[in-house]
Amino acid sequence: MEVNKKPKFEVNNLNLFYGDFQALKNINMNISSNEITAFIGPSGCGKSTFLKTINRMNDLVPGVRIDGSIKLDGLDIYSDIDVIKLRQRVGMVFQQPNPFPMSIYDNVAYGPRIHGIKKKSVLDEIVEKSLRQAAIWDEVKDRLKRNAIGVSGGQQQRICIARALAVQPEVILMDEPTSALDPISTQKIEDLAVELKKDYTIIMVTHNMQQASRISDKTAFFLSGEVIEFGETGQIFSNPRDKKTENYITGRFG
Amino acid sequence: MLSRQAKDTIVKGLIYFSAASTVGILAVILGFIIIKGLPGLSIDFLTRDYEDNTTYVYSELLETQEGNSTEGYSERLGITLDFDEENGLVIAEIDKDSPVRNALDGNDEKYTVKKGDILTRIGDLRIDREFKELDSKDEKAAAEFVQKAIDEIDAVKEDSVRLRVVRIGGGIVPMAVTTIYMIILSLMIAGPVGILSAVYLNEYARPGKIMTTIHFAIKNLAGIPSIIYGLFGSLFFVQILKMQYSLLAGALTISIILLPTIIATTEETLKSIPKTYRESSLGLGATKLQTISRVILPNALPGILVAVLLSIGRIVGESAALLLTAGTVAQIPHALFGNSASGATLTIKAYTLMKEENDLTSACAIGIVLLVIIIAINVASKLITNKFLKKKGI
Ligand SMILES: Nc1ncnc2c1ncn2[C@@H]1O[C@H](COP(=O)(O)OP(=O)(O)OP(=O)(O)O)[C@@H](O)[C@H]1O
Ligand SMILES: [Mg+2]
């Protein structure tokens, strides 16, 4: 590990409350760029909550309270960066493929358009590039005008990835992006994530241990709102330091 | 003790009977309206003004060249006159270059005489009086009556003649126009207000006591009989705001009636739009306003359209509230409010025709027109809903 490489995200003493319920407890973590960081842990442990905090999607939840800090390239995401700008830099792909009910083209062009790009030629270029990056161009290039709702779930998810890429983010958050997909589509998305980390920082929540160990560089194990262990994926899976981590990854959890 | 099968049969019979009587009653009502109204329904009924219109016009006269002796043809005016048993002297045909097409009325404004207009006076000849003395069964006398009029025109020494033209009414054009005005104006007021309120309630307002109160109010407003709104409108808009019986007073009153429905329907539609659309849009860095205008509203459009169509149905059918705010005059309103702004919609006219003029045929003929409009609206909203569902793949 390069020692002097600056982290993309620095999370310090992060606590998050939904009303009275504390969903995240004192989280400290540095996330490096051009890597895949996997979040694993049992259901309800706060993985999605943490992911949504990183691009401030939690702002939408009424009654949420946050203390501590998250810094993106050294700037606090709550005080130093405009939330619109933040979400442009930190894109998100959800568990359920959720394209808008409009054409494939319009889905991918949605982000660039809201950020003010109007020229058809520029949009065409962005759409093609993003769909290529998301490894779906060949499958949909002849039906860009067709409704995105009409394609398969795996294709929808890659369209959603293309849609996220089209705003040229630096970071992509993925919340269980393959849990609703078949093995072949899953394989495609995994390959895609590995391909994308050359240009992007990827943070991915997954329930699939093999997936985490196959594609991620770092892994964080969450339990009841706490990060129990965070480190190199190889080490976490082969030689976990904490007994709870070991129990979880070997399936002896509970 | 009845067997289970017998009970079943009885219940089934009752169900069939109820269904059949509902359909039967509907058929009787529609049949009644159609049978009573069809005789009154005609192109004239749909295209004519309601009142007869009498106008004095001045028309230039052409030079006669003698020789043309087609029966009833007046060369100098370029028109063919005919005898009409009911109205007397009717203009049956007008030449392309006839000067009556460019006649001037008393204010020197152009008044185009049209086919079907009645002439009751030519110069000093009182055709209407001649007509009264005529035995309409006598064909020869009728032909002489027409010829006399033509001779009168030929005898004029000046190069123009004064005519009294009666344009026969008996049509529903003013009411149809008033209805359309009322629809447009009411929707222009209630549409934006209702849709924006729904957007506010669903997308911006935080749930709480105030929201509960607002929703409670909306629900109850929708159930109030429209006569109450009519009383309010006639007091507030007509009297206090001095709008008089007018288009605007009517449209504002109707808008209040429509608002709860528009808000509730739109809100329902907004609620049905998946939360994920909002999340993904915001997640891509869109502002809330962009999300609403580019994702939420376009997806809510079919629902909003249905709300609008239902509103049109409501406006077309409204009687009590409009009776007290827009008046019963059969005229096209010439202003939004004030003296000449009053006008009866089709429904109101059907009511007054029956109530004040005892004209069942015309009232039912209007009834048929209303039925056609309402059926068209229902079909349209069905089509929209179906198309929407298909698009969503449900
Ligand atoms: N909007 C909310 N309001 C209140 N509590 C919430 C809210 N969202 C999540 N929680 C709670 O916070 C905790 C963490 O939820 P979170 O969705 O982050 O879990 P997760 O690790 O993503 O679980 P899963 O693997 O099932 O997706 C859970 O106990 C959950 O019930
Ligand atoms: Mg989750």
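When reading the values below, keep in mind they use all heavy atoms of this one structure, side chains included, and skip hydrogens, waters and symmetry mates. Naming: A, B, ... by sequence-line order, numbering from 1 per chain.
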May I have the list of side-chain donor-acceptor pairs in residues 307-315 of chain B shorter than 3.5 Å, sequence neighbours left out?
from	atom 1	to	atom 2	distance (Å)
B:Ser311	OG	B:Ala307	O	2.7

Engaged part of [X] at the chain B interface, taking heavy atoms whose separation is under 4.5 Å:
| X | value |
| --- | --- |
| A:Pro99 | backbone |
| A:Arg56 | neither |
| A:Val90 | backbone |

Take atom [atom1] of [X] as the centre, draw a 6.0 Å sphere, and report whether it contains more than 12 heavy atoms from other residues, nucleotides or ligands.
| X | atom1 | result |
| --- | --- | --- |
| B:Tyr16 | OH | no |
| A:Lys141 | NZ | yes |
| A:Phe9 | CZ | yes |
| A:Phe17 | CZ | yes |
| A:Lys145 | NZ | yes |
| A:Ile184 | CD1 | no |
| A:Lys129 | NZ | no |

Side-chain touch [X]/[Y], heavy atoms, less than 4.5 angstrom:
| X | Y | answer |
| --- | --- | --- |
| A:Asn98 | B:Pro274 | no |
| B:Leu284 | A:Tyr110 | yes |
| A:Arg87 | B:Leu282 | yes |

Practice item. May I ask you to decide if A:Ile114's main-chain N or O and B:Gln290's side chain share a donor-acceptor pair within less than 3.5 Å? Key: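 Checking the backbone N and O of A:Ile114 against the side chain of B:Gln290, a donor-acceptor pair under 3.5 Å is found.
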
Exercise: identify the closest heavy-atom pair between [X] and [Y]:
| X | Y | result |
| --- | --- | --- |
| A:Met102 | B:Arg294 | CE-O, 4.2 Å |
| B:Tyr277 | A:Phe100 | O-CE2, 3.3 Å |
| B:Ser280 | A:Arg163 | CB-NH2, 3.2 Å |

Review point. With only heavy atoms counted, which part of B:Arg206 is less than 4.5 Å from chain A, the side chain, the backbone, both or neither?
Key: side chain

